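This structure is a prediction, so every number in the text was calculated from the model and none was measured.
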Amino acid sequence: MKTKYHIILSSNSPRRKELLAGLDIDFDVYVINGVSEAYPPGLPVMDIAEYIASEKAEAYRDGLAPDVLVITADTVVVLGDSVLGKPTGLDDARRMLRLLSGKTHQVVTGVCLTSRDKQRKFSVVTDVTFKELSDSEIDYYVDRYKPLDKAGAYGIQEWIGYVGVTSIRGSYFNVMGLPVQRIYEELCAF
């Protein structure tokens, strides 16, 4: 894919780097640290990821050269009216997986494509259903994989996804953290 922009991925996530690289586009990684991931109280849960991705994008906007496009993203897990971000510790990871056990939840990734004078932002939603997870399955996964850097305390591409996910409706790659098909379409339109 050819683009007139020098693309910057604003993420330290190895999964996001791998997924964006799968589009066969050249990009660099540059992350401005310290950008708040807070959101206003009362913001609808389905809007949170896009709001945070927009806030991340604003940290770059003033310093962008005319030929640079930055991709920012944020992923949250939504169960009913609750948002499950990254767990605060192993016990919190266990708590989150118990909440997800036997239920369908939504994985929402908000993305912003931002240049100095233009911005496209969107969210992609994927439904994921877990079987009833036993305490021993949850303990095994949390103790072995330590999913503290993952929204909802799980990586679908890891052991828990292999044994626990019974169905998925929508983008698998979105659940991994970056809806690359939609990003491709948006980059083409940018």
Side-chain angles (χ1 to χ4, degrees), residues 1-40 43 45-78 83-90 92-93 96 107-126 145-158 171-190:
M1 175 182 171
K2 296 287 185 194
T3 178
K4 67 179 184 175
Y5 292 99
H6 174 80
I7 296 175
I8 303 290
L9 174 64
S10 170
S11 178
N12 286 320
S13 164
R15 290 166 301 284
R16 286 192 177 134
K17 291 177 205 172
E18 174 189 347
L19 290 169
L20 190 59
L23 292 179
D24 289 340
I25 59 174
D26 293 326
F27 67 94
D28 290 311
V29 173
Y30 176 69
V31 178
I32 295 176
N33 292 315
V35 177
S36 173
E37 294 191 6
Y39 51 88
L43 186 67
V45 293
M46 300 305 272
D47 296 342
I48 290 171
E50 189 173 314
Y51 176 87
I52 294 170
S54 295
E55 290 294 300
K56 290 176 182 178
E58 288 308 310
Y60 291 85
R61 199 162 208 168
D62 289 340
L64 291 178
D67 66 335
V68 173
L69 180 147
V70 66
I71 300 172
T72 56
D74 192 73
T75 301
V76 296
V77 169
V78 176
V83 173
L84 304 179
K86 295 174 185 171
T88 58
L90 298 180
D92 194 35
M96 288 183 185
V107 177
V108 183
T109 301
V111 178
C112 276
L113 307 179
T114 305
S115 69
R116 184 190 289 181
D117 58 355
K118 195 171 171 184
Q119 186 175 70
R120 294 178 81 89
K121 51 187 172 178
F122 57 89
S123 294
V124 174
V125 180
T126 304
Y145 289 87
K146 307 207 180 337
L148 301 180
D149 64 336
K150 296 171 178 63
Y154 78 92
I156 195 167
Q157 72 280 8
E158 295 175 338
S171 169
Y172 172 81
F173 299 114
N174 184 54
V175 182
M176 284 181 65
L178 203 62
V180 286
Q181 188 280 328
R182 178 72 183 272
I183 287 174
Y184 176 80
E185 296 296 328
E186 296 289 342
L187 285 172
C188 288
F190 206 86

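Atoms CD and CZ, on Q119 and F190 in that order, are 8.0 Å from each other to the nearest 0.5 Å. Atom CG of L148 is separated from atom CG of L90 by 5.0 Å, given to the nearest 0.5 angstrom. Between the OH atom of Y30 and the CD1 atom of I8 there is a distance of 9.0 Å, given to the nearest 0.5 Å. Taking CG of L178 as the reference point, atom CD1 of I183 lies at 3.5 Å (rounded to 0.5 Å). Note that CG of D28 and OG of S10 are 12.5 Å apart. Values are rounded to the nearest 0.5 Å. The CD atom of E186 sits 5.0 Å away from atom CZ of F122, with the distance rounded to the nearest 0.5 Å.
In this structure, the side chains of Y172 and M176 come closer than 4.5 Å at one or more pairs of heavy atoms. The closest side-chain heavy-atom distance from V111 to V124 is not below 4.5 Å. Contact check for Y39 versus V45: no side-chain heavy atoms found under the 4.5 Å cut-off.
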Query raised in the report: Does the pair R15 and I156 meet the rule for a side-chain contact (heavy atoms from CB on, under 4.5 Å), with working shown?
Result: CA-CA 11 Å; R15 290 166 301 284; I156 195 167; over 6 Å; no
Report task. Could you give me the CA-CA distance, side-chain angles and deciding distance for F173 and Q181, then say whether side-chain contact (heavy atoms from CB on, under 4.5 Å) is met? Result -> CA-CA 8 Å; F173 299 114; Q181 188 280 328; over 6 Å; no
Requested in this report: Please assess L187 against I7 for the test side-chain contact (heavy atoms from CB on, under 4.5 Å), listing each intermediate value before the final yes or no.
Outcome: CA-CA 10 Å; L187 285 172; I7 296 175; 4.3 Å; yes
Report task. Before giving the answer on side-chain contact (heavy atoms from CB on, under 4.5 Å), spell out for Y154 and V107 the whole-Å C-alpha distance, their side-chain angles and the decisive distance to 0.1 Å. Result -> CA-CA 11 Å; Y154 78 92; V107 177; 3.6 Å; yes
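Taking all atoms of both residues into account, the shortest heavy-atom contact from V180 to L19 is CG1-O, 3.4 Å. Contact between P87 and P147 at its shortest, heavy atoms only, is CG-O, 3.4 Å. Here the closest heavy-atom approach between residue S123 and residue V108 is recorded as CB-CG1, 4.2 Å. Contact record, K17 with S11: CE-O, 3.7 Å, taken as the closest heavy-atom pair. Of all non-hydrogen atoms in Y51 and A38, the two that sit nearest each other are CE2-O, 3.6 Å. Taking every heavy atom of both residues into account, A151 and V77 meet most closely at O-CG2, 3.5 Å.
Considering only residues two or more places apart in sequence or on other chains, E158 meets the salt bridge (charged side-chain N to carboxylate O under 4.0 Å, His left out) condition with K150. Under the side-chain contact (heavy atoms from CB on, under 4.5 Å) criterion, K4 pairs with no residue, sequence neighbours left out.
In the displayed structure, D117 atom CG is contacted under 6.0 Å by more than 12 heavy atoms of other residues, nucleotides or ligands.
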Pairs of donor and acceptor atoms involving the side chains of residues 64-74, under 3.5 Å and at least two apart or interchain, shall be tabulated with distances.
from	atom 1	to	atom 2	distance (Å)
T72	OG1	A53	O	2.8
D74	OD1	K56	NZ	3.4

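Between R61 and E58 there is a salt bridge, since a side-chain N of the basic residue sits under 4.0 Å from a carboxylate O of the acidic one.
Using a 3.5 Å distance cut-off with no hydrogens or angles, the side chains of T114 and Y60 do not pair a donor with an acceptor. At a cut-off of 3.5 Å, with distance as the only test, a side-chain donor of R16 or T75 sits close to an acceptor on the other residue.
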